[in-house]
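The next block holds one structure in the form of structure tokens; read it before the comments.
Atoms within each ligand, like the ligands themselves, are counted from 1 in listed order. One-based numbering along the sequence shown.
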Amino acid sequence: MTLPSRKGGIYITQPTLPPMAEFIPYLEKIWDSKWLTNCGPFHQQFEQALCEHLGVERLALFTNGTLALVTALQALRISGEVITTPYSFVATAHSLLWNGIKPVFVDIDPQTLNLDPDKIEAAITPQTTAIMPVHCYGHPCAVDRIQRIADNYGLRVIYDAAHAFGVEDEGGSVLRHGDLSILSFHATKVFNTFEGGAIVCPDKKTKERIDHLKNFGFVDEVTVVAPGINGKMSEFNAALGMLQLKGIDAAIQKRKLIDARYREGLSDTKGIYMLSSVTEKVANYAYFPILVRPDYTLSRDALFQKLQQNGIFARRYFFPLISDFPMYRGLPSAASANLPEATQVAREVICLPIYPDLPDEQVDLVVNLIRG
Ligand SMILES: *Cc1c(COP(=O)(O)O)cnc(C)c1O
């Protein structure tokens, strides 16, 4: 049997995998126990191990990050309008539509590319119930200012922390902020279980509710307390997660070296702007975005094509903006006049390849192509 494989070239990311032989003993345990899902031993172990690794009190594992987002909104019974960013992966806003919630887009801060705290208050209406910011590219949001606004107006805060695995600020994990934070362990993310996700929850009661919601609302054999969904992570993914955790620190360390190599290589290239990573104490180097400004020799799209012609498959994350997709663009807050910074950044951004096994020569090749 032959399966299709990805064509040659350097992609924005390549999934981080442990040596296959090391996974076999885990699979044998699953085959022996015949416990495949429904909160089995690997699920329990992995929840515990992740809490310890991330430095958080509690979390609930999920099949993927999107179901974690959808369930987080259900868990807190969020309704009406939610303030969010247009500069993210489309799942952020989709999770609101899946809950019958109206997204209200607020512009980003051009320095951090995160929701601009100065613009949040003007978007609050009597229907607003929550704020859903994204720690874009793993750089922490203005968490204190967002919390102050939320407290003043009685709003909940749910962080889409899909990019922020392992990121820390001065006080510890960024995942401790807000009412809930969600993670994604998709193949393309810093830490992957093929597919997977989690909700970080501060209190025991909310964790219980989330655990019920991800299992159809079952509390026991005969009791269903809520219209839950099937969001449970399988034993296969949880076992893989246990193994992946062993390699994650080394993988992030390798990313850090690549990040530094790009920064050094591109530091004096006119018209190429790089984000600073001073906002976090511990970074995860999940992405390497550059902004291609008008004083660069080529347009953003011309550079993007030049890279492609040389086998470098970078990505224009996040272009188009979420607010430009057909199911959102009719909203009053989706107008580009309301989102000038996000609109500009979406026109300028390219995310360069970054993954632990990316060889130095290939980083240098990308740098040289950009330097022209
Ligand atoms: C990847 C991602 C998601 C969705 O996670 P999945 O695990 O792929 O469902 C949500 N939000 C952001 C910002 C993401 O990057």
Side-chain angles (χ1 to χ4, degrees), residues 11-16 46 50 59-74 82-99 101 103 105-106 108 112-115 130-141 157-167 174-175 177-178 180-200 210 214 229-234 236-238 240-241 244 255 275 284-289 315-323 325 327-328 342 345-346 349 351 354-355:
Y11 288 82
I12 178 174
T13 187
Q14 180 175 287
T16 310
F46 185 40
L50 259 184
L59 60 77
L61 294 171
F62 273 79
T63 352
N64 58 58
T66 304
L67 271 176
L69 276 172
V70 167
T71 308
L73 292 160
Q74 286 277 326
V82 170
I83 289 171
T84 191
T85 170
Y87 192 77
S88 180
F89 182 60
V90 72
T92 310
H94 279 0
S95 72
L96 298 172
L97 287 198
W98 270 69
N99 278 288
I101 294 164
F105 296 110
V106 164
I108 58 171
T112 63
L113 312 190
N114 288 326
L115 209 51
I131 308 172
M132 184 183 270
V134 178
H135 300 299
C136 192
Y137 305 132
H139 301 303
C141 293
V157 183
I158 299 176
Y159 281 102
D160 180 341
H163 299 176
F165 188 95
V167 174
V174 289
L175 304 171
H177 296 294
L180 297 173
S181 287
I182 81 97
L183 287 166
S184 164
F185 312 138
H186 184 257
T188 55
K189 303 299 205 274
V190 165
F191 176 84
N192 85 78
T193 59
F194 288 11
E195 291 267 8
I199 302 179
V200 176
I210 290 168
K214 78 178 190 188
I229 199 155
N230 184 357
K232 306 182 300 288
M233 178 179 275
S234 84
F236 179 94
N237 303 96
L240 181 64
Q244 292 281 53
R255 286 176 175 272
L275 294 192
N284 68 4
Y285 311 97
Y287 298 86
F288 198 88
R315 293 292 297 267
R316 289 166 291 183
Y317 287 155
F318 290 101
F319 166 84
L321 293 176
I322 299 177
S323 45
F325 289 120
M327 60 300 289
Y328 300 105
V345 172
V349 72
C351 283
I354 186 165
Y355 49 87

Contact partition for H163 relative to ligand 1, non-hydrogen atoms under 4.0 Å: side chain
F185 vs F191 aromatic rings, parallel, tilted or perpendicular, using cut-offs 30° and 60°? perpendicular
Min side-chain heavy-atom separation Y355-T16 under 4.5 Å: no
Minimum-distance pair of heavy atoms, taken over all atoms of A161 and H135: CB-CD2, 3.8 Å
Taking the six-membered ring for Trp, are Y287 and H139 closer than 6.0 Å centroid to centroid? no
Measuring from the heavy atoms of E195, does anything fall under 4.0 Å of ligand 1? no
Could you tell me whether some N/O pair between S88 and ligand 1 is separated by less than 3.5 angstrom? no
Ignoring angles and geometry beyond distance, decide whether G65 reaches within less than 3.5 Å of ligand 1 through its nitrogen or oxygen atoms. yes
Looking at F62, does the NZ or CZ of K214 lie under 6.0 angstrom from its six-membered ring centre and within 45 degrees of the ring axis? yes
Ligand 1 versus D160, non-hydrogen atoms closer than 4.0 Å: side chain, backbone, both, neither? side chain
Please determine, by modelled atom types, if H186 and T188 share a side-chain donor-acceptor pair under 3.5 angstrom. yes
Which protein non-hydrogen atom lies closest to atom 5 (O) of ligand 1, naming both residue and atom, and how far is it? S184 OG, 3.3 Å
Looking at ligand 1, is there an atom of it that comes within less than 4.0 Å of some heavy atom belonging to G196? yes
So for ligand 1, is H186 a polar contact partner (N or O within less than 3.5 Å, distance only)? no
Is there a heavy atom of G197 sitting under 4.0 angstrom from any atom of ligand 1? no
Taking atom types as modelled, find out whether N99 and Q74 have a side-chain donor-acceptor pair closer than 3.5 angstrom. yes
Taking the minimum heavy-atom distance to atom 9 (O) of ligand 1, which of T66, T63, I182 ranks first? T66
Taking atom 2 (C) of ligand 1 as the reference point, the nearest protein heavy atom with its distance: K189 NZ, 3.0 Å
If we only count heavy atoms from C-beta on, is the L115 to T84 side-chain gap below 4.5 Å? no
Under 4.0 Å from a heavy atom of F89: give me the atoms of ligand 1 that qualify, with their elements. 2 (C), 3 (C), 12 (C), 13 (C), 14 (C), 15 (O)
